[in-house]
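The structure presented is a predicted model; accordingly, all values stated were derived computationally and were not measured. A, B, ... follow the sequence lines: proteins, then strands. Residue 1 opens every chain.
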Protein chains: 2
Amino acid sequence: MSGVKVTRDQIVDRAYELLAEAGLSGLSMRRVALDLGVQPGALYYHVASKQELLAVVAARILKGLPGVAKDPREAAGDFRSALLRVRDGAEVVSFVQAYRPDLLVPTHALRRLFTGKYDERRAEWAARTVVHYVLGFVAEEQNHAELVRAGIVEEEPAHSGDSDEAFGFGIDAILNGLS
Amino acid sequence: MSGVKVTRDQIVDRAYELLAEAGLSGLSMRRVALDLGVQPGALYYHVASKQELLAVVAARILKGLPGVAKDPREAAGDFRSALLRVRDGAEVVSFVQAYRPDLLVPTHALRRLFTGKYDERRAEWAARTVVHYVLGFVAEEQNHAELVRAGIVEEEPAHSGDSDEAFGFGIDAILNGLS
DNA sequence: ACCTGAACACCGTTCAAGT
DNA sequence: ACCTGAACACCGTTCAAGT
């Protein structure tokens, strides 16, 4: 009836907010449409598919990450922090890395940091090694958090600083081995 | 009408086959029920939820992996091979690692291998570092493969041995840094 | 150009009722 | 004990028709 106008930016904004608030299972095309006061089909005039939408959302998750990082350790930490800011952030970014690897800033930034020590091929591999570790680590953190939230799994008594230490242990080992 | 009997094993078997053949998007409770000639609701007498079913399927994916591996490098390679044998294997195992970490053999095996060099906490961290890397690496490999299969992304001309080399580069660096 | 209305082909899960 | 039938509350995507 009404014929409300929607922009691509509004769609991306709402999708990002839904992801942050409700996680990946709460982010549906139909819910985005409902929140924007529009029929589901209307979204497909602005966005080709949910996958394309997720790619743009992933880019937004990583927006603000330094294109040129100081050192790899800090870059990995910033990467993890950005992922943790949004529910299921690692899963979304992990998918997009396979979908549109060019959209992901951290890999570029890390590759540049290794370009001095290695040839181009190995610098790429080194960057991906770090990225894979971070994504794997945070994916487990967030999957666990989702299960706790759903009441399927009980929270472990281990205090939260523990996972920071575990994360640090891992990248230190990796960066150590890479140099 | 008919009242066909189904066992939990049949359900798990069919779920595993569907995953291997059609990937995670092809594995639905309704499809499993259809293939077994039973109504969807019947499955819930044998299995609490799809998540529980996935946990058992994940255990089957990793079945046959040595509980006591020779060295970490070989253990990591075996782990990757097992994941690659089934479509979306890494994603399924990644989820189950957060759901029921106790079910996963490779983490145990790797932890044991590090128990000599480290105290208990660090041995656990070292094992998880390797596991996170392997899961992250294979998840990207398989996500990419799914997108190629769906025709959403074109296959890259890089020959397949390349990813073996990239994988080896990563674990070598990690294991190097861990010792 | 952009949206509605309505459909298509699906999901996971629950539960009274049947055997 | 185990299954059916049927519902509940959803999905992503397409597309003729309207404005």
Once you round it to whole Å, what is the distance between [atom2] of [N] and [atom1] of [X]?
X       : N      : atom1 : atom2 : value
A:Arg30 : D:dC11 : CZ    : P     : 7 Å
A:Leu43 : C:dT4  : CG    : P     : 10 Å
A:Gln10 : C:dC2  : CD    : P     : 13 Å
A:Ile11 : D:dG12 : CD1   : C1'   : 14 Å
A:Leu53 : D:dG12 : CG    : P     : 10 Å
A:Leu36 : C:dT4  : CG    : P     : 11 Å
B:Leu34 : C:dG12 : CG    : P     : 12 Å
B:Leu24 : C:dC11 : CG    : P     : 13 Å

**Message:** Measuring only the P atom in each nucleotide, how far is C:dA9 from D:dA9? A whole number of Å is fine.
**Reply:** 24 Å
Looking at [options], which one has an atom nearest to any side-chain atom of [X]?
X       : options               : answer
A:Gln39 : C:dC2, C:dG5, D:dT13  : C:dG5
A:Tyr45 : D:dT4, C:dC2, D:dC3   : C:dC2
B:Ala42 : D:dT4, C:dG12, C:dC2  : D:dT4
B:Val38 : C:dG12, D:dC3, D:dG5  : D:dC3
B:Tyr44 : C:dC3, C:dG12, D:dT13 : C:dG12
A:Lys5  : C:dC11, D:dT4, C:dC2  : C:dC2

**Item:** Exceeds 12 heavy-atom contacts within 6.0 angstrom, atom CZ of A:Arg100
**Value:**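 For A:Arg100, atom CZ is not crowded (no more than 12 foreign heavy atoms under 6.0 Å).
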**Watson-Crick or G-U wobble partner of C:dC15, both distances under 3.5 Å** =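 WC or wobble partner is D:dG5.
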**Fill in**
Re D:dC10: Watson-Crick or G-U wobble partner, both distances kept under 3.5 Å, found to be none
**Message:** Ring-plane angle category for A:Phe114 and A:Tyr118, please: parallel below 30°, perpendicular beyond 60°, tilted otherwise.
**Reply:** tilted
**Asked** What class does the angle between the rings of B:Tyr133 and B:Phe167 fall in, given that below 30° is parallel, 30 to 60° is tilted and above 60° is perpendicular?
**Response**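 If you compare the ring of B:Tyr133 with that of B:Phe167, the planes turn out parallel.
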**Message:** Measuring from atom CZ of A:Phe95 to atom CG of A:Leu24, what distance do you get when rounded to the nearest 0.5 angstrom?
**Reply:**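 Going from the CZ atom of A:Phe95 to the CG atom of A:Leu24 covers 10.0 Å.
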**Message:** OP1 or OP2 of C:dC3 versus the side-chain N and O atoms of A:His46: is any pair under 4.0 Å?
**Reply:**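 Indeed, a polar side-chain atom of A:His46 lies that close.
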**Message:** Show, in sequence, the C-alpha distance, side-chain angles and deciding distance for B:Arg87 and B:Glu146, and conclude whether the salt bridge (Lys or Arg N to Asp or Glu O under 4.0 Å) test is met.
**Reply:** CA-CA 8 Å; B:Arg87 275 175 74 177; B:Glu146 289 300 318; 2.8 Å; yes
